[in-house]
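Lettering follows sequence order; numbering is per chain, from 1.
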Amino acid sequence: MSGWSKIDGRAVALAQANIDTDQLIPARFMSQPRKDGYGDFLLFDAREDDAKHPLNRHARVDVLVTRRNFGTGSSREAAVYALVDYGIRAVLAPSFGDIFASNAVNNGLLPARIDADVIEELIAALGAGEAAAAVDLEAGTATIGNRLVAFDLDPVWQQKLINGWDDIDLTAQHKGEISRFCAARVAAHPWATPTSKHETKT
Amino acid sequence: MKPRTLLDKLWDVHEIMQRADGTSLLWVDRHLVHEGSHHAFAKLKERGMPVAQPHLTFGVVDHYAPTRPGDVAPDIRRMIKTLGDNARAAGIKLFDLHDPEQGIVHVIGPEQGLTLPGLLINCGDSHTSTHGAFGALAFGVGATEVAHILATQTIWQKRPKTMRVRFDGMLSAGVTAKDMALHWIAGLGADGARGHAIEYAGAAVDALSMEGRLTLCNLSIEGGARLGMIAPDDVTFAYIKGRPFAPKGAAWDAAVADWRALVTDEGAQFDREVVFNAGDIAPTLTWGTTPEEALSITGSIPDPESMPGGKAAHARASLEYMGLSAGTPLDGVPVDQVFIGSCTNGRIEDLRMAAKVLAGRKAKVPGLVSPGSASVKRQAEEEGLAQVFIDAGLEWADAGCSMCVGMNGDHVESGKRCASSTNRNFKGRQGRGARTHLMSPAMVAAAAVHGHLADVRPMLEGRI
Ligand code: SF4
């Protein structure tokens, strides 16, 4: 995954709370392999049921501004694949599903937390329209139209997004500690291992 | 030593190291995989990495498991086959479709004795919080994290904040763990416990069976919590003893000695504490499209106009989707069908409770009963519960996720209203356009008999 620190694009509002991962990608699409792209599945039912859905009205969306509890529900990372493959780079909301947020960061998508009253102002300003959007990860700010807002982001996630870090590579540096821990765990708590066989290949 | 919470104790024993930024690298004792884990196996293959600890990894066919006889769609067959291929290639023990111990991952973990107090358990599924009922640190992860666990048997996590949810007093007859969960989520919101690890406590929690505790912890995620836990006690130990993968002999004694220490110390501080009175809880069910839109069966659908800003817009959209209007009493809303099953309420005790309501009665609407595992299915048949469902006119199916998520083809048709013992009433969750009302299995049985949403309590008189 490649990192990024700035984006410029277009923002639209999705004035709904609790957009869960079942809505982001209905379960029936999840048996598809990733290589074919998941962008077409994003909010599939909502887009099909409503010709005026924000994603139907605007050809290009890089930043979504939405209400609380975005990405709640199932841990399906496919919800993030759908957003990313569609072209979305950042979601601005008052709160996110925990698993969704870490899945997002693992795929280069920014889950930017912004206070609900500020989000409401942005949603009101965007209305059914769109606006230029700029996100600066280093500064922790987003500019929607001419409004500059600061967002909350865990500093670890900020670094991961900027550097495009992959956890498996990071963890490889701790191979020795992991092996030692594993041996100690088995010795101290033999009941924690379901079989007697034990090996470490990390 | 400073008094510690249960979370602190579990965290400390699994922490391999902590980075300067406060993120911990944790050791994973059990990793459970299912058909949906195909993305993670593909990531591993791309990097040419093996599964680090196959003997700590267990696979099961559940999300796509066919539960009714007949042809299986090619893409479903492919999903099941892919899991089998991945498990065999890595040397992972698999509970395959026709394995006598197959079932929903969160049902078979406890059943097989794979789920134990003191373990860290991960699975690429949000309801992994279920296993916390044993005093385990159990949470769901996404595909990238599944790949990381497969490759390293570890996970990077920030320690969540702690929250104790206490239920004082006792539940009244006909009220279950499902009602406790929907009650607290309705009170605090679907993101009410965001960023927290919940420890459930109090007399009403202590009094729950293992099945009830699993239901309560299962729904933690629907209130936004990272995970839910209950300190293990004699109820827990009695449940585990003799299970296939549970420790035996001297290891059992050592285990119980360790497990007894898994309690929050006197005086330990939680970041947040919430208290409910269990005696106040009535059978509770959802009327909208998020688990927080829930009410007692004696209530009427609220008026969105009387709700605060953001909630009003959501409630209006929910009512439109659900085909309901403000002011309608919940008791009496006609249903088209019912479903009993899922990792929330597909265990033997859930089926017993539903059968108590259904015995000698007929369902007015069609319905599907899918036990949580093949072994629950056998037990229900031996106990005569299956016959009660069949005699009532419901369909008795095989084990799997079934109509909870509809991936295997068991779904609710658009516009149909389903009384369901599952965990998510999201738009389209049980099928496109499906209208889901979440409730306990007993309440589902009551809805089946009446053909409409109904209070189960009068129907249980003389039966419990
Ligand atoms: S029963 Fe439903 S919630 Fe549970 S694991 Fe299966 S799909 Fe997920």
Which of these passes side chain to side chain donor-acceptor pair (under 3.5 Å) with A:D22: B:R429, B:K427, B:Q430? B:R429
Of the listed residues (B:E222, B:H411, B:H127, B:K158), which shares the most heavy-atom pairs with chain A below a 4.5 Å separation? B:K158
So which heavy atom on B:E15 is nearest to which on A:F181, and how close? O-CE1, 3.4 Å
Can you check whether B:T144's main-chain N or O pairs, donor with acceptor, with A:E77's side chain at less than 3.5 Å? yes
Distance check, rounded to the nearest 0.5 Å: B:S414 atom OG versus A:D45 atom CG? 9.0 Å
Whatever's closer than 4.5 Å to a heavy atom in chain A on B:F139 counts as neither
Please look at B:A313 and chain A and tell me whether the side chain, the backbone, both or neither of the residue comes under 4.5 angstrom of a heavy atom of that chain. side chain
To the nearest 0.5 Å, tell me how far B:E145 CD sits from A:N106 CG. 5.5 Å
Would A:R68 and B:R194 satisfy side chain to side chain contact (heavy atoms under 4.5 Å, CB included), going step by step from the backbone distance to the final call? CA-CA 11 Å; A:R68 66 179 259 263; B:R194 175 73 69 243; over 6 Å; no
Residues, nucleotides or ligands: over 12 heavy atoms within 6.0 Å of A:D117 CG: yes
Heavy-atom distance under 4.5 Å to chain B: side chain of A:R185, backbone, both or neither? side chain
Sort out for me which of B:D258, B:D125, B:T289, B:V405 touches chain A most, counting heavy-atom pairs under 4.5 Å. B:D258
Close contacts, residues 92-99 of chain A versus chain B, judged by heavy atoms under 4.5 Å: A:S95, A:F96, A:G97, A:D98, A:I99
In sequence, state the C-alpha distance, the side-chain angles, and the governing distance for B:D21 and A:K160, and then conclude on salt bridge (Lys or Arg N to Asp or Glu O under 4.0 Å). CA-CA 12 Å; B:D21 59 36; A:K160 253 178 98 163; over 6 Å; no
Enter the distance from A:R67:CZ to B:K311:NZ here, rounded to the nearest 0.5 Å. 13.5 Å
Under 4.5 Å, counting heavy-atom pairs only, tell me which of A:A15, A:G73, A:A27 racks up the most with chain B. A:G73
Tell me whether A:R34 is salt-bridged to B:E46, with the criterion being a basic N under 4.0 Å from an acidic carboxylate O. no
Heavy atoms only: give me the nearest B:R78-A:S31 pair and the separation to one decimal. NH1-O, 3.3 Å
Please identify, among A:N103, A:T171, A:D167, the residue contributing the most non-hydrogen atom pairs under 4.5 Å to chain B. A:T171
Check this for me: A:Q159, atom CD, are more than 12 non-hydrogen atoms of other residues, nucleotides or ligands nearer than 6.0 Å? yes
Turns out that what part of B:V146 lies under 4.5 Å from chain A's heavy atoms comes down to neither
Are the side chains of A:T21 and B:R424 in contact, using a 4.5 Å heavy-atom criterion? no
Answer yes when B:D75 and A:R28 have at least one side-chain N-carboxylate O distance shorter than 4.0 Å, and no when they do not. no
Closest-packed option against chain A by number of heavy-atom pairs under 4.5 Å, given B:R19, B:H63, B:R30: B:R30
Which distance, rounded to the nearest 0.5 Å, do you find between the NE2 of B:H38 and the CE of A:M30? 7.0 Å
Most contacts with chain A, counted as non-hydrogen pairs under 4.5 angstrom, among B:I221, B:T128, B:L25: B:L25
Options B:G431, B:G224, B:A225, B:G142, ranked by heavy-atom pairs under 4.5 Å with chain A, top entry: B:G142
Structural part of B:V141 lying under 4.5 Å from a heavy atom of chain A: backbone
Please report the interatomic distance CG(B:L116) to NE2(A:H189), rounded to the nearest 0.5 Å. 13.0 Å
Choice from B:A147, B:P291, B:A251, B:A143 maximising heavy atom contacts with chain A below 4.5 Å: B:A143
Per-residue contact mode, A:E177 against chain B (heavy atom under 4.5 angstrom): both
Give me the ring orientation class for A:H174 and B:W156: parallel if the planes are under 30° apart, tilted from 30 to 60°, perpendicular past 60°. perpendicular
How many angstroms lie between NZ in B:K43 and CD1 in A:I168, if you round to the nearest 0.5 Å? 8.5 Å
Closest heavy-atom contact between A:P194 and B:F245? CB-CD2, 4.2 Å
Could you tell me which portion of B:H148 (side chain, backbone, both or neither) has an atom closer than 4.5 angstrom to a non-hydrogen atom of chain A? both
Name the option with the most non-hydrogen atom pairs under 4.5 Å to chain B; the candidates are A:V80, A:D154, A:N107. A:D154
What part of B:E35 gets closer than 4.5 Å to chain A, counting heavy atoms only: side chain, backbone, both or neither? neither
Which atoms form the tightest heavy-atom contact between B:S126 and A:S74, and what is the distance? OG-CA, 3.7 Å
Check whether any side-chain heavy atom of B:R432 lies under 4.5 Å from a side-chain heavy atom of A:D49, and answer yes or no. yes
Tell me if the NZ atom of B:K241 is crowded by more than 12 foreign heavy atoms within 6.0 Å. no
